[in-house]
Asks: 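Let me give you the structure first, and then I'll get to my questions.
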Amino acid sequence: MKPSLHARLHARASRSLTSLDRLGSTSFAVLGVSGTRVLLGFVGFMFYASQYADRHYLFGPSGVESWSRFRTVLDETGTFSLYAVSTSTAWFELVFHLGMLLALAVTLGVGGRPLLALHWVFLWSVYQRDQFLLDGGDNLAYLVIPMLMLTRCYDRLSLTSGLAGRVRNRLPACVRAAQTPLHNLGVLAIAAQICLVYVTSGLYKVQGKLWQDGTALFYIMRIPEFELPGFSRLVYENDLLVIGGTYATTLFLVYFPLGVLVRKLRPWAAVASIGFHLSIAFFMGLTGFALTMVACDLIFLSRPLAAGIRLAGRVRDRVAASARERAGWPEQSAVTATRTASAENAG
């Protein structure tokens, strides 16, 4: 006997309420967004480090872009940059090195959300100082870092002192209760943003004649600025790789959101995306853009990353046990291990 319409509606409403309860009580992709934070901080730090020797020429008050032109662009766009505050070399050095330290702090997981917000300000400032160095990853970083501040991205992969936990425990219960929904909202916003990037890029390519006839990859890999000597030729001289790569790129970009909507396909779609962008980094040299995209893809890989960390821990324990056995060292007793851990925590 088929259930009545009322019973089916009641069951559907119950499932919806259960899903809403999970969104409000369970934090999703905590390890994934923590990896996103680490990689975005690393990309920012490497931007500073890679330009360090030429920082005065690229970003300084007397750099390649004149000061008057720099201020004119800021006025026209209505934006800001800390580098525009003063023409002093000392001020430039202070801002540049503070930005570099903030990027390192975000990478290591030090300072929490306040330093993450400051990192965004300093990163925006240095990107505005010389926009000719940008490769597109900056646009995504501008959008994702504020979304990341909603999440619990410092819960994992961080050098934490425990201060954040103590402060969180002192907050009112209503504030603590809002943390999980805000975290999930941030995760959903990053996922929606990355899907929007893929779909927009894919649909834009579909309209291009070179992408329609399967030759776009041939012309892209022959651009002198993006050509990798000795390797790009192996691709653009092979008709099968050119045609297959061109069509595969378009299909992947357009259908990526459908892949992440299906739970079983989600990790595979993310892995394919990471491989795609690592290829861009290798062949075209757009490392900052590629790693920023990979950082966002990590939110879809939270569970596989957790499983990988657990597997690495088990392998490490087995290797250590095997080494102790071969060296004839005695096993550390449980009591001794507990006392050692307590002493380390107390210190």
Side-chain angles (χ1 to χ4, degrees), residues 29 32-33 35-36 39-40 42-43 134-141 143-144 187-305 307-308:
V33 292
T36 301
L39 197 48
L40 287 179
F42 176 76
V43 171
L134 308 181
D135 60 6
D138 57 293
N139 292 320
L140 189 59
L143 297 171
V144 169
V187 172
L188 182 61
I190 296 173
Q193 180 60 50
I194 195 69
C195 289
L196 182 62
V197 170
Y198 280 120
V199 170
T200 303
S201 177
L203 294 179
Y204 181 79
K205 287 177 173 57
V206 167
Q207 301 175 56
K209 184 178 184 302
L210 298 180
W211 292 95
Q212 293 174 5
D213 60 24
T215 61
L217 199 61
F218 173 82
Y219 295 101
I220 291 173
M221 302 199 73
R222 289 176 61 88
I223 298 175
E225 291 83 355
F226 299 141
E227 185 175 359
L228 181 64
F231 289 92
S232 296
R233 182 182 296 273
L234 299 176
V235 177
Y236 66 68
E237 288 185 348
N238 187 308
D239 294 343
L240 183 60
L241 288 178
V242 168
I243 296 174
T246 301
Y247 287 134
T249 298
T250 306
L251 291 173
F252 168 74
L253 293 174
V254 172
Y255 290 105
F256 175 84
L258 297 180
V260 299
L261 285 176
V262 180
R263 186 173 180 177
K264 292 184 178 180
L265 296 179
R266 191 175 303 154
W268 299 106
V271 169
S273 176
I274 290 174
F276 173 70
H277 287 103
L278 291 180
S279 299
I280 290 178
F282 179 76
F283 284 103
M284 302 181 66
L286 300 176
T287 308
F289 165 75
L291 291 182
T292 302
M293 295 295 291
V294 170
C296 296
D297 287 329
L298 292 180
I299 66 169
F300 302 116
L301 290 171
S302 193
R303 290 188 178 183
L305 286 175

Asks: Apply side chain to side chain contact (heavy atoms under 4.5 Å, CB included) to the pair M284 and I223, showing each step before the final yes or no.
Replies: CA-CA 9 Å; M284 302 181 66; I223 298 175; over 6 Å; no
Asks: Taking the six-membered ring for Trp, are H277 and F289 parallel (under 30°), tilted (30 to 60°) or perpendicular (over 60°)?
Replies: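 Taking F289 first and then H277, their aromatic rings stand perpendicular (interplane angle over 60°).
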Asks: How long is the gap from CG on L305 to CD1 on I299, to the nearest 0.5 Å?
Replies: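 L305 CG to I299 CD1: 11.5 Å, rounded to 0.5 Å.
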Asks: Is the side chain of Y247 donor-acceptor paired with the backbone N or O of Q212 at a distance under 3.5 Å, no angle test?
Replies: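 Between the backbone of Q212 and the side chain of Y247 there is a qualifying donor-acceptor contact (under 3.5 Å).
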Asks: Please check if atom CZ in F231 has more than 12 non-hydrogen atoms from other residues, nucleotides or ligands closer than 6.0 Å.
Replies: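 Atom CZ in F231 is not packed in, count stays at 12 or less.
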Asks: Main chain of L196, side chain of T200: is a donor-acceptor contact present, judged purely on distance under 3.5 Å?
Replies: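 Judged by distance alone, yes, a pair lies under 3.5 Å.
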Asks: So among F282, F252, F283, which one has a ring-ring contact (aromatic ring centres under 6.0 Å, His included) with F276?
Replies: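 Answer to the ring-ring contact (aromatic ring centres under 6.0 Å, His included) test with F276 among F282, F252, F283: F252.
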Asks: My understanding is that only residues two or more places apart in sequence, or in another chain, count here; which of them pass salt bridge (Lys or Arg N to Asp or Glu O under 4.0 Å) with R222?
Replies: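 R222 satisfies salt bridge (Lys or Arg N to Asp or Glu O under 4.0 Å) with no other residue.
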Asks: A side-chain contact here means heavy atoms from C-beta on lying under 4.5 Å apart; do L286 and F226 qualify?
Replies: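 The answer is yes; the side chains approach within 4.5 Å.
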Asks: Between OG1 of T292 and CG of D138, what distance do you get to the nearest 0.5 Å?
Replies: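 That separation rounds to 8.0 Å.
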Asks: Can you see which heavy atom on T287 is nearest to which on D135, and at what distance?
Replies: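 Heavy atoms only, the tightest pair is N-OD2, 4.1 Å.
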Asks: Would you find more than 12 non-hydrogen atoms of other residues, nucleotides or ligands less than 6.0 Å from F42 atom CZ?
Replies: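 Counting neighbours around CZ of F42, 12 or fewer heavy atoms of other residues, nucleotides or ligands fall under 6.0 Å, so no.
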Asks: Begin from the C-alpha positions of V242 and N238 and carry the test side chain to side chain contact (heavy atoms under 4.5 Å, CB included) through to its verdict.
Replies: CA-CA 6 Å; V242 168; N238 187 308; 5.8 Å; no
Asks: Work out which heavy atom in P304 is nearest to a heavy atom in P267; give both atom names and the distance.
Replies: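 So the minimum-distance heavy-atom pair works out to CG-CB, 4.1 Å.
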Asks: What distance separates S273 OG from L278 CG, expressed to the nearest 0.5 Å?
Replies: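 Taking OG in S273 and CG in L278, the distance rounds to 9.0 Å.
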Asks: Once you measure the plane-to-plane angle for F256 and F300, does it fall in the parallel (<30°), tilted (30-60°) or perpendicular (>60°) bin?
Replies: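 If you compare the ring of F256 with that of F300, the planes turn out perpendicular.
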Asks: Determine the sole option in V33, T36, I190 for which the side chain to side chain contact (heavy atoms under 4.5 Å, CB included) test with L298 is passed.
Replies: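 Running side chain to side chain contact (heavy atoms under 4.5 Å, CB included) over V33, T36, I190 with L298 returns exactly one hit, T36.
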Asks: What's the spacing between C296 SG and L39 CG if we round to 0.5 Å?
Replies: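 C296 SG to L39 CG: 9.0 Å, rounded to 0.5 Å.
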Asks: Could you walk me through whether Y198 and I194 pass the side chain to side chain contact (heavy atoms under 4.5 Å, CB included) test, one step at a time?
Replies: CA-CA 6 Å; Y198 280 120; I194 195 69; 3.6 Å; yes
Asks: For V199, which residues count as a side chain to side chain contact (heavy atoms under 4.5 Å, CB included) partner, sequence neighbours excluded?
Replies: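 Per chain and number, V199 pairs via side chain to side chain contact (heavy atoms under 4.5 Å, CB included) with L203, P257.
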Asks: Only pairs at least two apart or in different chains count here, so list each salt bridge (charged side-chain N to carboxylate O under 4.0 Å, His left out) that has a residue in residues 187-209.
Replies: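 For residues 187-209, and leaving out neighbouring residues, the salt bridge (charged side-chain N to carboxylate O under 4.0 Å, His left out) pairs sorted by first residue read K209-D213.
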Asks: So which atom in G202 and which in L253 form the shortest heavy-atom distance, rounded to 0.1 Å?
Replies: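 Of all heavy-atom pairs spanning G202 and L253, the closest is CA-CB, 3.7 Å.
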Asks: Enter the distance from R266:CZ to R303:CZ here, rounded to the nearest 0.5 Å.
Replies: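 Between atom CZ of R266 and atom CZ of R303 there are 8.5 Å.
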Asks: Taking all non-hydrogen atoms of both residues, which atom of V187 and which atom of A29 are closest, and how far apart?
Replies: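 Looks like CG1-CB, 4.2 Å.
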Asks: Quick check: does any side chain N or O of T246 sit under 3.5 Å from a backbone N or O of L217, one acting as donor and the other as acceptor?
Replies: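 Yes; judged by distance alone, with no hydrogens or angles, the pair exists.
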Asks: For the CG atom of L291 and the CD1 atom of I280, what is their distance to the nearest 0.5 Å?
Replies: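 CD1 of I280 is found 11.0 Å from CG of L291.
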